[in-house]
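Chain identifiers are assigned alphabetically (A, B, ...) following the order of the sequence lines, protein sequences preceding nucleic acid strands; residue numbering begins at 1 within each chain.
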Amino acid sequence: MADDAGRLYGKPEVRIDGAAKVTGQARYASDEPVANPAYAYLVTSAISRGHITGMDLAAAEAVPGLLDILTHETVGKEAKPPVGPDQKPTTTTLETTQVWHDGQIIAVVVADSFEAAREAAHRVVVHYAPETPSATFDSPGAEAEVRKTDEQHKDPAKGDAPAAFAAAPVKIDARYETPTQHHNPLELFTTTCVWDGPKLTIYEPTQTMYGLKAAVAKQLGMEPADVRTISRYVGGAFGSKGAATSRTVWIAIAARRLKRAVKLVPTRDQAFTIATYRAETRHHLQLAANRDGKLQALIHEGWEVTSRPSSYNVSGTETTARMYACPNIATKVNVVHADRNTPGFMRAPPDTPYMFALESGMDELAHELGMDPIELRRINDTQTDPVDGKPFSSRSLMKCFDAAAAKFGWAKRDPKPGAMRDGDWLVGYGCATSCYPSNIGPAAARLSLTPRGKAVIQLAGHEIGTGAYTTVAITVAGGLGLKVTDIQVFMGDSNLPPVPVAGGSNNAASTAHVAAKACEEIRQKLALAAVQNNAGIFAGADPSKLRLTDGALAGPDGRREPLETAVGRVAGGALEVHVENVPEGLPPDAAAGLYQGKMAMSRGTGRKDVTAYAFGAQFVEVRIHALTREIRTPRIVSAFASGTIVNPLTAYSQYMGGAIWGVSSALHEATEIDLREARYVNDNLADYLVPVNADIDHLDVIFVPEEDSRVNPLGIKGIGEIGIVGMNAAVANAVFHATGKRIRKLPIRIEHLL
Amino acid sequence: MRPFRYEHAADRAQALQLANGPREATASAHITAPIQYLAGGTTLIDLMKLDVMRPEVLVDINALAGQHGAIRADASGLHLGALARMADAADDLVVRRDYPMIAQSLELAASPQLRNMASLGGNVLQRTRCNYFRDPSWTACNKRHPGSGCAAMDGVNRKLAVLGASDHCIANYPGDFGVALAALGATVDIEGAGGRRVLAFEDLHRLPGDTPHIETNLKPGELITGFTVPAGPWTRRSLYLKIRDRQSYEFALTSAAVALDVEGGVVREARIGLGGLAAKPWRSHEAEAALKGRPLDEAAAHAAADAALAKAAGHGEATFKIELGRRTLVRALLQAHAMEV
């Protein structure tokens, strides 16, 4: 692969779709114009366990403009059951009369207008045979089981951790909890379906164009080729749009019944129950060290809530076991089935909750040892994966700590809890390690180049707000020696070549490598033609020495042939290539699977050669009012080393957003569950708190330079998830420093500090 | 949301005529009333979309702003038209100087967009944010369906009332401005089919008792047209302290509206309101009495706070608000005392 693809990396580049977004020209799924749509409104269950015994539809049917009501009775048999985010059985909706959880879709009302559909939906009377539900951990009837290991999830272990823990001189033994959280992307979970004969087009915001296509085709018994998904822009996803959900097939069926386009824009409160969420977790963490701080034992057991039929879990012990040098490690994960919707991916799904436990525990251990928390991490830093002995592809953790600590002014910290104060405000400094595994998947793309030096790249990529269009354009501009403005990028359409799900921070690496490969293929074709052409200036030259640069094919001696000549020689209109890239270590059928919506992924923790992670260090200052105990976060400093940074401008936004979300996760966010009814209660943006601008004051992001030739050829580790991971514990650690109170359950609130 | 008829009132007379129809049930502040006045709509439209309120007729009174939208201060006090927008009152220079508590209670509420829309008259009638009230899929809510029970009592109730609640309802009054009005002894001007009357603001809202669905003492068809905040030597040394989980766009967990007339370090008069904590806009005469004639020091502030929360009763998650309420009042009193006036 030519290095040229990375030529423009590291230079801030404005989003090529920025103008379209800020002027309202960018089309999100529900903005796509369709002819004469009917409007759907969902009826969702008011109980969380039981059966539907009947529905009174007469009042709804009397609403002017009402077109159709889909229920279990009318359409239940028309779709096969869906699968969950883990591709295994999940809760059903209209297929049966069973109610698995609060807010389950139980009917779809379709009318000529949104207003009529809503009114009719409100007039549907549902009769239930309710059963007593189990809400969460400790609820009567909740069923816990040890999570079985499989290809995805292992239980990292080494040595004899219980014995080492018992024998060690310094130890902590603590339990932590994280709450239920919902993504709450501003763009709701919309679906618009249009049939053209046997062919179905679905406009739906998604992080998995081909995954959605395959899932719907399977549920409807269709050929995947007859299903097209379109999602050019996504208004926030964060994992919530990373898998197909139940709603889509019913909207497709509604459109088929009416022979008319049907559009669904569900409500905010429905978003809490018709999509996924981050399940609440519990942790038992035992850490033991010698007096010099060297870890001797790490035992981490986790519990995660899921629905009755699903065993979806995130198993963050894969990460916590690998953070620090430790000779004895034991891990275990349990799932607890309750009457809830199935959880799913949410930013750094495993790492956010599990690293909260580990990094809180490390802070507790440092306090126990009378040691600076950064020093404790330095003493236990390692360049070798402590679980299996593989080298880290690169690990710049302590560089991140040093850079962030210097910027933050960590040296001014008085280590004694409660010692720092400014007027009425208690001051606390806290820090924690951040990390995320580096993943890369197979991808395909089509790239064309014209003699006039304009390129078009097409791939079914996902712009979820991360700047994905621009990342691809930067890569192609570098690879073809053009300007970023010369590149047109088409994504968000399953008629284009497939790329993996936009999740697990793989997007930049996966799409950049396939784009780079396409550029190289074009370069090779042009170079070969140039050296074989007896009349050209490069006749007989070594084709491997010819580069595309500044709109020309250039030789090592400085001779240049304009693209007009070089491309014109092989194509009158445009030279086009279709390429597939399968990262090293993945099976050869990985590309074929991609077309079927299957997700083969080279994971940072599952490779044969190295363990690949991005690392970071996150620092926060908290201020807590001495009397009324409000918790403020005036300063946040994060440093990350994530290998190659494609576009520092959008990377900064990603890191910054992650850090803010970490504060949110630590202090604000929690979905409140009515324990008697197993129902979400604060299902709106006024009561589900996220920080407002006033809550985030000074925020710094430091890019720690890192070159990593082992993680993948372009050295891209991914940046999407890491920003949130360390902040949860950093905030809790700062609260401890300010008050002497160790809060092990998130979110930390005023009442915990009174 | 259900279909409704929209009526536009050009003036007060027409508004009253439209709202006092031939039917038994005319416009009222009760959630089940078939006719509702529409001003900013920031609560009403919300609750209609949620299917909590299903009025048949909306009488738009925004055109009454000419008659009842003025903000005016004189020797007797501050006169606020009911159709004045929250933002207008919060930005008014005289209000900010002479009644800082009023200005702060307004500008610490909601978001700029909402403050630009919401009227003062509508603001004081803002309904509880109790999640069980705002979601009709919960069957037990004595406010929505008298006699159905209170799902919040043993449910998610962290933000609900610890003062003035009953066995039938623990919803809290969520607003801020109303707390300031209660504290300062304001009066409310009301117009109805039978003419004009003036009510002490403290008497506008009712405690839930066994009729939590009846939230105010407004009679059917009556319309709030304005408020008068009496002048007093305490209004300049006044503030509104709001404690919440985030720094903006959130309802109060607890709040304290404090006005002090201090002479030589001794409190001559105090006016004290509490927000977030109570079933209605809450004035604490007990705390005022505890301070009267005492030097304002930490001990006095604590004594006042103890008096204010003496009758508080917690329900589940909300119990911490009793202690937080005390501390909020202590802090507000000490801050008000330290004000440069």
Distance, nearest 0.5 Å, that separates [atom1] of [X] from [atom2] of [Y]:
X        : Y        : atom1 : atom2 : value
A/Ile750 : B/Lys321 : CD1   : NZ    : 10.5 Å
A/Asp695 : B/Glu250 : CG    : CD    : 9.0 Å
B/Thr328 : A/His625 : OG1   : NE2   : 9.5 Å
B/Arg54  : A/Glu119 : CZ    : CD    : 10.0 Å

Structural part of B/Lys159 lying under 4.5 Å from a heavy atom of chain A: side chain
Need one label for B/Leu241: side chain, backbone, both or neither, based on atoms under 4.5 Å from any heavy atom in chain A. neither
Tell me, side chain or backbone of [X] under 4.5 Å from chain B's heavy atoms, or both, or neither?
X        : result
A/Arg123 : both
A/Ile673 : backbone
A/Leu627 : both
A/Leu685 : backbone
A/His668 : side chain
A/Asp269 : neither

Considering all heavy atoms, the nearest [X]-[Y] contact:
X        : Y        : answer
B/Arg246 : A/Val690 : NH1-O, 2.5 Å
A/Arg679 : B/Ser137 : NH2-OG, 2.6 Å
A/Val692 : B/Tyr249 : CG1-CB, 4.2 Å
B/Gly155 : A/Arg676 : CA-NH2, 3.4 Å
A/Arg632 : B/Asp245 : NH1-O, 4.5 Å
A/Ala626 : B/Arg327 : O-NH1, 4.3 Å

I'd like to know if A/Glu672 and B/Arg158 make a salt bridge, using a cut-off of under 4.0 Å between side-chain N and carboxylate O. no
Are any of the side-chain nitrogens in B/Arg331 or A/Asp424 under 4.0 Å away from the carboxylate oxygens of its partner? no
Worked check of side chain to side chain contact (heavy atoms under 4.5 Å, CB included) between B/Gln247 and A/Glu630: CA-CA 9 Å; B/Gln247 292 196 59; A/Glu630 304 107 289; over 6 Å; no
Hey, is NZ on B/Lys49 packed in by over 12 heavy atoms from elsewhere, all under 6.0 Å? no
Would you indicate whether B/Asp167, at its atom CG, is surrounded by more than 12 heavy atoms from other residues, nucleotides or ligands within a distance under 6.0 Å? no
With a 4.5 Å heavy-atom cut-off, do [X] and [Y] have their side chains touching?
X        : Y        : answer
B/Val156 : A/Asn682 : no
A/Glu751 : B/Leu324 : no
B/Trp138 : A/Glu677 : yes
B/Met1   : A/His122 : no

Partner of A/Val681 under side chain to side chain contact (heavy atoms under 4.5 Å, CB included), picked from B/Asp135, B/Asn131, B/Asn157, is B/Asn131
